[in-house]
Undergrad: 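A single structure is presented below for examination.
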Amino acid sequence: MTARSSARSPTPEFRREAMRIGGALVHRDRVIEVFNPFTECLIGTVPKATLDDVRHAFALARAYKSRLTRCERSEILKRAAAIVRSRSEALANLITAESGLCKKDSVYEIGRVADVLLFGANEALKDDGQIFSCDLTPHGKQRRVYTQRDPLLGVITAITPFNHPMNQVAHKVVPAIVSNNRMVLKPSEKVPFSALAFADVLYEAGLPPEMFQVLTGDPREIADELITNPNVDLVTFTGGVAIGKHIASKAGYKRIVLELGGNDPIIVMEDADLEEAATLAVAGSYKNSGQRCTAIKRMLVQASVADRFVELLVAKTEAWRYGDPMDGNVDMGTVIDEAAARYCESKVDEAVSLGAKVLAGHVRRGALYAPTVVDRVTQDMPLALHETFGPVSPVIRFETLDDAIRLSNATAYGLSSAVCTNRLDYIARFVSELEVGTVNVREVPGYRLELTPFGGIKDSGLGYKEGVQEAVKSFTNTKTYSLPWV
Ligand code: NAD
């Protein structure tokens, strides 16, 4: 959408408060300024949608019925994947500029976005309708029941967080296209340009604009309308627990899909390959500046191997290069803004005041916060109980397998987990007793295919799954029809 000037003949006062965007004068109050978290330079502005803009977008979407065939939807998604790959450098630079994620992370994200598009292109070709014969019981009939997935009658609202500026958007809109739905997206106001750039790619690939509209704006003004507008059938939200629960309370008789925060453990048992475990621990903790819902936020380590594990963890943490996000050699850039870096700092200070020990990092400059190891953490410390969302590795020691399971489950979250062991008896207990959506053995909690089911339980989500295939299911109505059959 474009910014609108609020006056025909601007007064001198308006001119003083206004900025020129695309030839129009726009009042400063009606734009969101987006800053590069590392350089702190203004990188651009986006308009703040008004309530009328939101209502107009939903009315447009509701009035549109897509007649795209499976083949056409698949082709659009394939073309979009090719465009994303061909522009991977420029798109990665955009993600890095507005989020502070380092170039390595942004390039990786672009690859994931292309994967989501390709999986979507394949899914669009599949008809997963089912057939049931009706003569299965003594009182059966000579009929057959068939199922098909219909797009929703109304519009889907999507609201996304800042931490994967383009991939979170792709995970919302691609399944919507696969299932011939219409979607209105409000991206995080901290990273709106990646969403807008992705929308442009889809339009260029041939997507009718009515099927996907992006609204930028201040959630305090427009969020309630995005949830309660009568044209909305489903709200899909990825973000923090507080806002997710607020949406649940507002949505009323609408379908909601909530993908919320996490407090994922890596559990290191005494038989683990400690070199491998420490490598997974740093990657799981610091990639994407520790800002993944599935980042490792607690390291639960069996006491007999904890000292050796911590030694390796500190060495690998100190080797994790961080700094200017645009430098292709660094492993980590900034967190999203200085406030987020200060928050990490304060949570570590608080843990130290409660008896924990900092062994590496804990240095802050603006939005840059060093990869930080905190040893001697206990599960009752706020650093272990709540999501920190930054590059912090709290180490908690335990004695027995039962302790590991109890500690892992002693949090309100239940997203994912990593387990380092080769013992099948341990693995079987972890898989059945950890209260999480995913158990990854000898992998980081965040490991997944963009296709496979992904999502959490407890405060991490309602149990609906994302991943292209599952999202298509939640974005559709199953219709059954039956026919006489011999
Ligand atoms: P956030 O909850 O602060 O914001 C998310 C989105 O909600 C933004 O677009 C924001 O503008 C919008 N919003 C703000 N107020 C709103 C309101 N009243 N009603 C509706 N929407 C509103 O989250 P964030 O800080 O951008 O992202 C970090 C969080 O997201 C972390 O908790 C992280 O774990 C979580 N996350 C979860 C997953 C998952 O799949 N489970 C994936 C990525 C991130």
Side-chain angles (χ1 to χ4, degrees), residues 32 34 37 46 48-49 54 98-101 109 112 116 157-172 184-192 194-195 214-229 232 235-251 254 256-264 287-297 335-337 339-340 343-344 386-390 411-416 436-438 445-446 448 450 452-467 470-471 474:
I32 297 170
V34 182
V46 291
K48 278 186 189 167
V54 178
E98 67 175 351
S99 69
L101 295 174
E109 172 146 348
R112 293 184 66 190
V116 176
T157 288
I159 302 177
T160 48
F162 70 79
N163 60 314
H164 286 295
M166 200 175 287
N167 197 38
Q168 293 295 354
V169 173
H171 267 287
K172 301 292 184 204
V184 172
L185 167 89
K186 193 207 78 59
S188 166
E189 58 279 18
K190 295 173 183 167
V191 292
S194 301
V214 181
L215 287 171
T216 52
D218 181 342
R220 287 166 304 185
E221 288 178 30
I222 59 170
D224 283 0
E225 186 67 23
L226 287 163
I227 300 161
T228 58
N229 185 286
V232 174
V235 180
T236 173
F237 171 81
T238 301
V241 175
I243 296 174
K245 289 191 173 176
H246 167 76
I247 290 173
S249 71
K250 273 260 149 198
K254 290 187 195 310
I256 48 173
V257 178
L258 301 176
E259 302 295 343
L260 308 179
N263 192 4
D264 294 355
K287 271 203 184 321
N288 229 56
S289 302
Q291 302 170 129
R292 299 182 76 176
C293 49
T294 51
I296 291 173
K297 293 173 186 131
V335 288
I336 189 65
D337 52 26
Y343 181 75
C344 295
H386 307 296
E387 188 182 36
T388 307
F389 225 54
T411 147
Y413 301 90
L415 191 53
S416 187
V436 289
T438 299
R448 59 160 159 160
E450 310 303 323
T452 47
F454 166 81
I457 54 172
K458 296 162 75 176
D459 273 3
S460 294
L462 292 178
Y464 286 105
K465 297 286 186 183
E466 278 210 339
E470 293 294 313
S474 64

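One-based numbering, in listed order, for ligands and for the atoms of each.
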Undergrad: Would you say Pro161 and ligand 1 have an N/O pair spaced under 3.5 Å apart?
TA: no

Undergrad: Side chain of Thr411, backbone of Tyr413: donor and acceptor closer than 3.5 Å?
TA: yes

Undergrad: Among all protein non-hydrogen atoms, which one is nearest to atom 35 (C) of ligand 1, and what is the separation to 0.1 Å?
TA: Gly239 O, 3.2 Å

Undergrad: Please report the interatomic distance NZ(Lys245) to CG(Leu258), rounded to the nearest 0.5 Å.
TA: 10.0 Å

Undergrad: Which bit of His246 gets closer than 4.0 Å to ligand 1, counting heavy atoms only: side chain, backbone, both or neither?
TA: side chain

Undergrad: Examine Thr160 against ligand 1 and note whether any of their N/O atoms are separated by less than 3.5 Å.
TA: yes

Undergrad: What are the two closest heavy atoms between Glu109 and Asn163, and how far apart are they?
TA: OE1-O, 4.5 Å

Undergrad: Measure the NZ-OG1 distance between Lys172 and Thr157 for me, rounded to the nearest 0.5 Å.
TA: 11.5 Å

Undergrad: When you compare ligand 1 with Arg292, is there at least one nitrogen or oxygen pair between them that comes in under 3.5 angstrom?
TA: no

Undergrad: How far apart are the closest heavy atoms of Ser460 and Leu415, and which atoms are they?
TA: OG-N, 3.4 Å

Undergrad: May I ask you to check whether Glu387 has an N/O atom sitting below 3.5 Å from an N/O atom of ligand 1?
TA: yes

Undergrad: So which atom in Ile256 and which in Tyr464 form the shortest heavy-atom distance, rounded to 0.1 Å?
TA: O-CE1, 3.4 Å

Undergrad: Among Cys293, Gly240, Gly456, Pro187, which one has a heavy atom closest to atom 2 (O) of ligand 1?
TA: Gly240

Undergrad: Quick one: look up the protein heavy atom nearest atom 25 (O) of ligand 1 and list residue, atom name and how far away it is.
TA: Phe162 CE2, 3.2 Å

Undergrad: Hey, are Asp264 and Arg292 close enough for a salt bridge, meaning a charged N less than 4.0 Å from a carboxylate O?
TA: no

Undergrad: For atom 19 (N) of ligand 1, what's the nearest protein heavy atom and its distance?
TA: Ala223 CB, 3.2 Å

Undergrad: To check your reading of the model: name the closest protein heavy atom to atom 21 (N) of ligand 1, its residue, and the distance in Å.
TA: Ile243 CG2, 3.6 Å

Undergrad: Between Lys190 and Ile336, is there a donor-acceptor pair closer than 3.5 Å when you use the side chain of the first and the backbone of the second?
TA: no

Undergrad: So which heavy atom in the protein is nearest atom 11 (O) of ligand 1, and how far is it from that ligand atom?
TA: Glu189 OE1, 2.5 Å

Undergrad: For atom 12 (C) of ligand 1, find the nearest protein heavy atom and state the residue, atom name and distance (0.1 Å precision).
TA: Ile159 CG2, 3.7 Å

Undergrad: Does Gln168 come within less than 4.0 Å of ligand 1, judged by its heavy atoms?
TA: yes

Undergrad: Less than 3.5 Å between some nitrogen or oxygen of Thr238 and one of ligand 1, yes or no?
TA: no

Undergrad: Starting from atom 28 (C) of ligand 1, find the nearest protein heavy-atom neighbour and note its residue, name and distance.
TA: Phe389 CE2, 3.5 Å

Undergrad: Where the side chain of Glu98 meets the backbone of Ser194, is there a donor-acceptor pair that is under 3.5 Å apart?
TA: yes

Undergrad: Would you please determine whether Gly244 falls within less than 4.0 Å of ligand 1 on a heavy-atom basis?
TA: no

Undergrad: Would you give the length of the straight line joining atom CZ of Arg220 to atom NZ of Lys48, rounded to the nearest 0.5 angstrom?
TA: 7.0 Å

Undergrad: Hey, which atoms in ligand 1 end up nearer than 4.0 Å to a heavy atom of Glu259?
TA: 37 (C), 38 (C), 39 (C), 40 (O), 41 (N)

Undergrad: Closest approach of Pro192 and Pro187, non-hydrogen atoms and distance?
TA: CA-CG, 4.2 Å

Undergrad: Between Leu260 and ligand 1, is there a nitrogen or oxygen pair with a distance under 3.5 Å?
TA: yes

Undergrad: So which protein heavy atom does atom 44 (C) of ligand 1 come closest to, and at what separation?
TA: Asn163 OD1, 3.3 Å

Undergrad: Specify the closest pair of heavy atoms between Ser416 and Thr438, including all atoms of both residues, with the distance to one decimal.
TA: OG-CB, 3.3 Å

